[in-house]
Amino acid sequence: MNTVNRVRWSLGRRLVSIVVAVIALLGFVAEQAVSAAPQGEFSWPLQPRPTVERRFDKPAQDWLPGHRGVDLAGMPGQAVLAAGNGIVVFAGTVAGKPAVSIDHPGGLRTTYEPVRAEVAVGLRVRRGMRIGTLEAGHEGCGAAACLHWGARREAGAHSRHEYIDPLGLLHPTALRLKPVT
């Protein structure tokens, strides 16, 4: 092998080594980005993104009238999804309405009704996992069916439970500001 061919062969080997290293680095960076993704994020419990038929209306006191969740427009038989990672703590009927409740890390509980459960108490669920089917019959709903989605912070050593707006759990699209000209 002459000198020119040896140089070409050596450069070719180096180029292959560089390409392999870049591919490995890209794989490592992608893996880190996935594992660094925040855990416990929340998403809409109905897909596609539903219309909000009735908003959250926190009562001044727990016993006063209000709306302790949001009503999302859907269709009877539509899949209801876990809004976040957690453990199913209730799957049954309350006051004649089928419901599911999920405890999430940090003392948060979400509820979904009227939902015919397809999960059992104690099951670990992931965000986006099907937990049941939406049923018709939610009072005051103008759509074919409405999912009542509620959220509350559980009581701590020095506090009582507090109802919160579940829409506040969602992370909207990033806001992009344009420069002032």
Side-chain angles (χ1 to χ4, degrees), residues 36-175:
Q39 299 298 312
E41 288 185 355
F42 290 83
S43 59
W44 292 95
L46 295 177
Q47 291 296 326
R49 181 179 172 169
T51 302
V52 176
E53 291 288 315
R54 185 172 175 200
R55 295 203 165 271
F56 178 76
D57 179 20
K58 183 177 180 175
Q61 299 293 330
D62 283 345
W63 62 87
L64 293 174
H67 193 239
R68 294 164 178 83
V70 294
D71 292 345
L72 306 175
M75 296 297 296
Q78 183 174 357
V80 177
L81 313 173
N85 300 340
I87 298 174
V88 177
V89 292
F90 182 82
T93 304
V94 176
K97 296 177 188 172
V100 175
S101 292
I102 299 173
D103 276 359
H104 306 278
L108 184 70
R109 177 175 290 180
T110 55
T111 58
Y112 312 79
E113 67 118 283
V115 175
R116 182 69 51 206
E118 296 176 6
V119 291
V121 171
L123 180 69
R124 251 181 221 287
V125 295
R126 309 271 313 147
R127 176 179 48 144
M129 181 177 162
R130 184 180 176 123
I131 60 172
T133 55
L134 182 61
E135 294 194 343
H138 186 64
E139 190 176 320
C141 174
C146 273
L147 174 68
H148 178 81
W149 180 35
R152 74 177 194 204
R153 297 243 177 250
E154 291 301 302
H158 303 288
S159 65
R160 298 172 41 155
H161 69 264
E162 173 189 14
Y163 291 98
I164 61 172
D165 185 349
L167 296 180
L169 301 173
L170 302 173
H171 297 288
T173 305
L175 178 64

Exercise. Are W149 and L167 side-chain neighbours, meaning at least one heavy-atom pair lies under 4.5 Å?
Worked result: yes

Problem set entry | Nearest heavy-atom neighbours spanning E118 and T133 | OE2-CG2, 3.0 Å

For this session: Would you check if V100 and V80 make a side-chain contact, meaning some heavy-atom pair closer than 4.5 Å?
Result: no

For this session: Look up atom CD1 in I102 and atom CZ in R124, then write down how far apart they are to the nearest 0.5 Å.
Result: 12.5 Å

Exercise. Can you list every pair that meets disulfide bond (SG atoms under 2.5 Å apart) and has a residue in residues 48-152, with sequence neighbours left out?
Worked result: C141-C146

Exercise. Hey, what do you get for CG (L81) to CH2 (W44), rounding to the nearest 0.5 Å?
Worked result: 13.0 Å

Exercise. Are P50 and L147 close enough that some pair of their side-chain heavy atoms sits under 4.5 Å apart?
Worked result: no

For this session: Indicate the atoms forming the closest heavy-atom contact of G74 with L46, along with that distance.
Result: CA-CD1, 4.3 Å

Exercise. For R130, does the CZ atom have more than 12 heavy-atom neighbours from other residues, nucleotides or ligands under 6.0 Å away?
Worked result: yes

Exercise. Within the distance-only criterion (no hydrogens, no angle test), does the side chain of Y163 pair as donor or acceptor with the backbone N or O of P59 below 3.5 angstrom?
Worked result: no

Exercise. Considering only heavy atoms from C-beta outward, does the side chain of K58 approach that of D165 to under 4.5 Å?
Worked result: no

Problem set entry | Shortest non-hydrogen contact from A82 toward V125 | CB-CG2, 3.9 Å

Exercise. Restricting to pairs with a member in residues 68-81, which pass side chain to side chain donor-acceptor pair (under 3.5 Å), not counting sequence neighbours?
Worked result: H67-D71, D71-H138, D71-H148

Problem set entry | Intermediate values then yes/no, side chain to side chain contact (heavy atoms under 4.5 Å, CB included), V52 and L72 | CA-CA 5 Å; V52 176; L72 306 175; 3.8 Å; yes

For this session: Report yes or no: does D103 contribute a side-chain atom to a donor-acceptor pair with the main-chain N or O of R109 at less than 3.5 Å?
Result: no

Exercise. Going through the checks in order, is the side chain to side chain contact (heavy atoms under 4.5 Å, CB included) test met by L169 and T110?
Worked result: CA-CA 10 Å; L169 301 173; T110 55; 4.2 Å; yes

Problem set entry | CG-NE2 distance between L108 and H161, expressed to the nearest 0.5 angstrom | 13.0 Å

Problem set entry | Heavy-atom pair of closest approach, residues A91 and A117 | CB-CB, 3.7 Å

Exercise. Within a strict 4.5 Å, meaning less than it, do heavy atoms of the I87 and L123 side chains meet?
Worked result: no

Problem set entry | Contact summary for N85 and R126, nearest pair of heavy atoms | OD1-CA, 3.3 Å

Exercise. Any ring-ring contact (aromatic ring centres under 6.0 Å, His included) pairs touching residues 69-105, not counting sequence neighbours?
Worked result: F42-H104

Problem set entry | Contact summary for E113 and A99, nearest pair of heavy atoms | CB-CB, 3.8 Å

